[in-house]
Amino acid sequence: MDLLVVGSGFFGLTIAERVANELDLKVVVIDRRDHIGGNAYSEAEPETGIEVHRYGAHLFHTSNPSVWEYVNRFTTFTNYVHKVYTNHGGEIFPLPFNLHTINQFFRSAHGPASARELIAEQASELTPGEAANLEEKAISLIGRPLYEAFVRDYTAKQWQTDPTELPAEVISRLPVRYTYDNRYFNDTWEGLPTDGYTAWIERMADHPNIEVRLSTDFFDESQPLNKAALVGRVPIIYTGPIDRYFDFAEGELGWRTLDFEQEVLPTGDYQGTTVMNYADSEVPYTRIHEFRHFHPERDDYPTDKTVIMREFSRFAERGDEPYYPVNTPEDRARLLAYRELGKAEEGVFFGGRLGTYQYLDMHMAIGSALSMYENKLKPALGTDA
Ligand code: FDA
């Protein structure tokens, strides 16, 4: 083995693929889960065959030409365009905030200029720089009426915390579009892998130089590919949680996690769209995903059954899946301390969303793996193999 990769998510697999393919070196990829692909993993729900994203809905989008070129080596993409709606007060509104949302909410017919004036006037109640908490920051960006309807209760559910007790920095912007465009992403390319995430991910790992070992934990000393046995002996890419690597020596980094409640319903279509947010506090979940709508082009899905997934959000405890960094000032201080420890760890490269304690979209995880490969690994591993 020339390289050990800990974690078979997009970061780890991109590195493994490049090193195996371009440098012709032997790579072993381990993952403590019983499947590859990290959080992008998807599988067919057994009763319906509908592709379900086990760790929450994953939509691919990017404006990075090198990433787009790279991912197209392994999969084609459908022409799916992501759109999100929200249920507030028994009415359905389109998101992100756009002219349709504004006019429906205010029962008005504003054009772009007068809508802009309206929101600016409502937001003038507070100045962004002086906001003492998330509530004040949001009001300073979009005004009180839109905040109270669409942001306050949803944010409280996401964080289990009243927005007046959340730091203003949790949101930097709340985009408002003064057009009727409600495409969720602004990127040049978007779509879903035509034959699913798992088929894409498996093609990345399908190389004679790559060996994948599942249900293998890097910290389990009863198996041979563990930290104590290998650090300093073979180069390692580590994409697990950075605090766990150092045995939480500087304290635990805070994460939010999600609980998913999946259900097969006896109807061909439950909500008519992929994602419906629930903005109000009376509904305990934040959103419902209906997976059949991610692939309207598939004609083998049943017409009398559908799969939905309700999403609930809460702070993670040790043992929960870490999903979104909380990023308090204490977390940031701890992260800096871990980064220093990481620099001193000879031959170990920390990457991916858990290894760097950052929310990364898939294209960002892949892009940062490609640049780590070019800038650090290729020079370190050499091309004399
Ligand atoms: P990832 O978490 O995928 O992989 C890390 C792997 O390391 C895991 O498989 C884990 O089991 C393994 N591991 C950890 N510790 C280990 C140990 N001790 N030993 C062995 N293995 C270990 N992005 C996007 O572009 N569009 C989207 O719509 C979404 N949606 C989305 C929803 C939700 C709920 C989340 C949380 C995230 C998204 N994402 C997303 C982000 C996407 O999931 C993310 O970009 C990738 O998972 C990043 O890949 P990584 O390889 O960095 O981590």
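Read the numbers this way: they start at 1 and go in the same order the structure lists the ligands and their atoms. Just so we're clear, the structure is a prediction, and the values are computed from it rather than from any experiment.
At the shortest separation from atom 3 (O) of ligand 1 among protein heavy atoms lies N39 N, 2.9 Å. The protein heavy atom nearest to atom 13 (N) of ligand 1 is R32 NE, 4.0 Å. Ranking the protein heavy atoms by distance from atom 18 (N) of ligand 1 puts D217 OD1, 3.0 Å first. For atom 8 (C) of ligand 1, the closest non-hydrogen atom of the protein is D31 OD2, 3.5 Å. The shortest contact between atom 35 (C) of ligand 1 and any protein heavy atom is with Y324 OH, 4.2 Å. Distance from atom 46 (C) of ligand 1 to its nearest protein heavy atom, with residue and atom name: R353 CD, 4.1 Å. Of all protein heavy atoms, the one lying nearest to atom 32 (C) of ligand 1 is A57 O, 3.6 Å. Looking only at heavy atoms of the protein, atom 41 (C) of ligand 1 is closest to L360 O, 3.2 Å.
Contact of the N21 side chain with the R18 side chain is registered, since non-hydrogen atoms from C-beta on lie closer than 4.5 Å. With contacts defined as side-chain heavy-atom distances shorter than 4.5 Å, the pair L59/L192 qualifies.
Nearest heavy-atom pair across F218 and Y245 is CE2-CE1, 3.8 Å.
Ligand 1 has a nitrogen or oxygen under 3.5 angstrom from a nitrogen or oxygen of M362. For the pair F11 and ligand 1, the shortest N or O to N or O distance falls below 3.5 Å. In terms of polar-atom proximity, defined here as any N/O pair under 3.5 Å, D361 does make such a contact with ligand 1.
Close approach to G352 involves these atoms of ligand 1, each under 4.0 Å from a residue heavy atom: 52 (O). When each atom of ligand 1 is checked for a heavy atom of T239 under 4.0 Å away, the hits are 5 (C), 7 (O). Close approach to F219 involves these atoms of ligand 1, each under 4.0 Å from a residue heavy atom: 18 (N). Counting atoms of ligand 1 from 1 in the listed order, those under 4.0 Å from a heavy atom of L59 are 24 (C), 25 (O), 26 (N), 27 (C), 28 (O). Atoms of ligand 1 lying under 4.0 Å from at least one heavy atom of L258, given by number and element, are 34 (C). Counting atoms of ligand 1 from 1 in the listed order, those under 4.0 Å from a heavy atom of Y55 are 33 (C), 34 (C). Listed by atom number, the atoms of ligand 1 under 4.0 Å from R33 heavy atoms are 9 (O), 11 (O). Counting the atoms of ligand 1 from 1 in the order shown, those under 4.0 Å from a heavy atom of T216 are 19 (N), 20 (C).
Taking a 6.0 Å sphere around CZ of R73, one finds it holds more than 12 heavy atoms contributed by other residues, nucleotides or ligands.
Considering only non-hydrogen atoms, atom 49 (O) of ligand 1 lies nearest to F10 out of F10, W255, Y359.
When ring centroids are compared, Y85 and H293 stay outside the 6.0 Å threshold. The ring of W159 has its center no closer than 6.0 angstrom to the ring center of Y324. W255 has its ring centre less than 6.0 Å from the ring centre of Y357. If you look at H53 and F294, their ring centroids are closer than 6.0 Å. Aromatic pair H295/Y80: centroids not less than 6.0 angstrom apart.
Both the sub-6.0 Å distance and the 45° axial angle are not jointly satisfied by R33 relative to the ring of Y41. Judged by the 6.0 Å distance and 45° axis criteria, R318 is positioned over the aromatic ring of F248.
The aromatic rings of H88 and F105 sit tilted relative to each other, their planes meeting at an angle between 30° and 60°.
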